[in-house]
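Comments concern the structure below.
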Amino acid sequence: MQESLKKMWSGRFSGESSELLEEFNASIDFDKNLYREDIAGSKAHAKMLGACGILKPEEAATIVAGLDAVLAQIEEGKFEFKTADEDIHMAVEKRLSELIGSELGGRLHTARSRNDQVALDFRLYVLRQDEQIARQIREFIATLTSLAGAHLDTLMPGYTHLQHAQPVSLAYHLLAYAFMFKRDFERFISSHERNNLCPLGSAALAGTPHPIRRELVAQELNFAGITQNAMDSVSDRDFALEILFNISVLMTHASRLCEELILWSSQEFGFVTISDAYSTGSSIMPQKKNPDVAELIRGKTGRVNGNLIALLTTMKGLPLAYNKDMQEDKEGVFDSVRTATSSLAILNAMMKEAKFNEQNMLAATKKGHLSATDLADYLVRKKNVPFRTAHFITGKAVAHAESLGVDLSELNAAQLKSVDENLDENAVKFLNLHASKEARTSAGGTANASVRKQIKQLESWLAKSGD
Ligand code: ARG
């Protein structure tokens, strides 16, 4: 066999690989996505080998310059990724050897293995994405918080079981999402902190006899420290599972918001108009305007959940340490990251341009007797009526309103009084829907005083959490 066509690991082989094997075994098609991390890791490794006297300083410098040249070739589109190179690690090393000679290029892999190399590359990638997604979530929280500021007095029905329940402000409803996304942000940040440790130097599984200094590589790559057990470092993928889980929860929150945008933009609700820029038409029905973006985000939540379950399942039966099964870890993560980043970008843009139809929201609050709880509370607090009795009397008032074909909030003093003598003229003001919202001043409630505090909290968090 021609020397240049040989596999790097072919020393103990006498026969050639089958084409089927080559195709099936290769990961270059997708792990080429890790070229930046792979080259950064190799440069840090070469510098460390130089600093520890394992390579001569000028050898390390030549390798680093060679790796920079490989990087430039990839970024300029001058690098052909070949299936025969198997994966990004071997492709980069092979090109390095072509550029600086195989005598020196072949020294780069001293004191490391592809097992710790891939663990490093993938971890660097995941850490970068943790930060990127957290940044996008923060931007979206800023959008929701500023929308909330504009809608303190936009009254709408709050729901349980998708039935009108109690009046709330649109600000309050939007802030519920802002706090969900804040927890998502925190999950990405805490995953980042936990996993910010360098695995390189773990070698195949048991460490190396070469006098390496792992901390130097960690410092060069801006890690907070090094991992503590080589076998763990090359064999676990919990950092990848964490980003998949974090994305699943994030997308679940986004999906619920999108579900509401879909409902709210329907003729039945008419609460929101999604801008033309983020709507689509029908090929047959000329009048249609569809909320495809929101539907796609809701739909894509299924695939990110699939990616999470796939990797959990891949990992669950693996003996320590590295197994090739783990090559299956990457595509799902790349897919989930792409899905989350594109979904967040368009969701943020769409929300900024959405028009909330305040009149329709207000009209909806007048259906469903939203002030019934307020009336019962009035009987308890001002008339000392036991809550169960108050509940019963209020139920009768609701039935009376229905018999008159009006909402409970529209009953006048005489009509109320005819239901029960405890429902005196003071009771009328408790039927007012704005008053109902404003009465809920408890911490975390929907009254403006409480909502303003929530907005303040988010604003000061936004100011602190910026880069
Ligand atoms: N392409 C491999 C992966 O993604 C790199 C590690 C290969 N290690 C090995 N011992 N074959 O997992």
Side-chain angles (χ1 to χ4, degrees), residues 31-75 79 87-97 99-100 104-132 134 189 191-230 232-234 236-237 239-240 243 330 467:
D31 66 18
K32 63 184 177 199
N33 205 12
L34 297 175
Y35 74 86
R36 279 188 221 92
E37 288 79 9
D38 194 75
I39 291 173
S42 287
K43 282 171 65 180
H45 183 66
K47 286 183 192 170
M48 181 276 288
L49 292 177
C52 295
I54 300 168
L55 289 180
K56 294 192 194 103
E58 60 278 15
E59 289 177 330
T62 307
I63 290 178
V64 168
L67 287 164
D68 278 331
V70 177
L71 180 66
Q73 289 188 355
I74 297 178
E75 301 211 307
F79 192 108
D87 58 28
I88 186 66
H89 324 297
M90 300 218 272
V92 169
E93 191 186 317
K94 187 166 149 231
R95 178 56 55 91
L96 176 71
S97 288
L99 293 178
I100 66 169
L104 185 51
R107 292 184 190 276
L108 170 62
H109 212 52
T110 312
R112 74 172 185 187
S113 141
R114 270 189 297 157
N115 297 349
D116 56 341
Q117 204 181 345
V118 72
L120 170 72
D121 294 3
F122 198 29
R123 200 183 272 246
L124 280 173
Y125 169 86
V126 165
L127 292 172
R128 182 156 60 89
Q129 301 306 328
D130 279 338
E131 285 180 323
Q132 165 59 25
I189 296 300
S191 292
H192 186 279
E193 280 170 10
R194 189 170 23 265
N195 297 314
N196 192 14
L197 299 172
C198 183
L200 203 73
S202 296
L205 74 161
T208 171
H210 295 284
I212 60 170
R213 288 176 57 198
R214 293 183 54 203
E215 324 73 61
L216 294 185
V217 180
Q219 278 160 18
E220 178 75 19
L221 294 171
N222 286 321
F223 280 102
I226 60 170
T227 56
Q228 293 303 311
N229 176 294
D232 169 41
S233 311
V234 294
D236 204 358
R237 289 292 182 267
F239 62 92
I243 198 170
K330 291 170 209 59
D467 309 9

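The first residue of the sequence shown is numbered 1, and numbering continues consecutively from there.
- When side chains are defined from C-beta on, L221 counts as touching L120, because their heavy atoms get closer than 4.5 Å.
- Defined by atom type and a distance below 3.5 Å, a donor-acceptor pair is missing between the side-chain atoms of R112 and T208.
- Considering all non-hydrogen atoms of both residues, G225 and A218 come closest at O-CB, 3.6 Å.
- Side chain of H89 to main chain of N115: no donor-acceptor pair is present (N/O by atom type, distance under 3.5 Å, no hydrogens or angles).
- Taking each heavy atom of A51 and L216 in turn, the nearest pair found is CB-CD1, 3.8 Å.
- In this structure, CD in Q219 is found 10.5 Å from SG in C198, a value given to the nearest 0.5 Å.
- Contact between V70 and F79 at its shortest, heavy atoms only, is CG1-CE1, 3.7 Å.
- Cation-pi check for R237 over F122 is not met; the charged atom does not lie both under 6.0 angstrom from the ring centroid and within 45 degrees of its normal.
- Taking CZ from R95 and CG from L71, the interatomic distance works out to 12.5 Å, rounded to the nearest 0.5 Å.
- At least one donor-acceptor pair under 3.5 Å links the side chain of Q228 to the backbone N or O of I226.
- A111 and L49 make their closest contact through CB-CD2, 4.4 Å (heavy atoms, listed as atom of the first residue, atom of the second, distance).
- In this structure, OG in S97 is found 12.5 Å from CE in M90, a value given to the nearest 0.5 Å.
- With hydrogens and angles ignored, the 3.5 Å screen pairs no side-chain donor or acceptor of R107 with any backbone N or O of A60.
- Shortest non-hydrogen contact noted between G207 and A230 is N-CB, 3.8 Å.
- Side-chain atoms of S42 and Q117, non-hydrogen and from C-beta on, do get closer than 4.5 Å to each other.
- Every residue meeting the salt bridge (Lys or Arg N to Asp or Glu O under 4.0 Å) condition with K43, not counting sequence neighbours, appears here in chain and number order: D68.
- In this structure, the side chains of E37 and I88 stay at 4.5 Å or more apart for every pair of heavy atoms.
- N196 places a side-chain heavy atom less than 4.5 Å from the side chain of L127.
- Shown here for K330 and D31, the closest heavy-atom pair between the two residues is CD-CB, 3.9 Å.
- For K47, the salt bridge (Lys or Arg N to Asp or Glu O under 4.0 Å) partners at least two apart in sequence or on another chain are E220.
- Counting heavy atoms from C-beta outward, I243 and N195 have side chains that stay 4.5 Å or more apart.
- Between the OH atom in Y125 and the CG atom in D38 there is a gap of 15.0 Å [rounded to 0.5 Å].
- Remark: side-chain polar atoms of D116 are not paired, donor with acceptor, to backbone N or O of L200 under 3.5 angstrom.
- A distance of 4.5 Å separates CG of D87 from CZ of R114, quoted to the nearest 0.5 Å.
- To the nearest 0.5 Å, atoms CD1 (I63) and CG (L96) are separated by 6.5 Å.
- Taking 4.5 Å as the limit, every side-chain heavy atom of T62 sits out of range of all side-chain heavy atoms of E59.
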key: Check against side-chain contact (heavy atoms from CB on, under 4.5 Å), E75 and Y35   = CA-CA 10 Å; E75 301 211 307; Y35 74 86; 2.8 Å; yes

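- In this structure the side chain of P199 never reaches within 4.5 angstrom of the side chain of V234, judged on heavy atoms.
- When each of V64, V92, L34 is paired with I39, the side chain to side chain contact (heavy atoms under 4.5 Å, CB included) condition holds for V92 and for no other.
- At a threshold of 4.5 Å between non-hydrogen side-chain atoms, the residues R123 and F223 count as touching.
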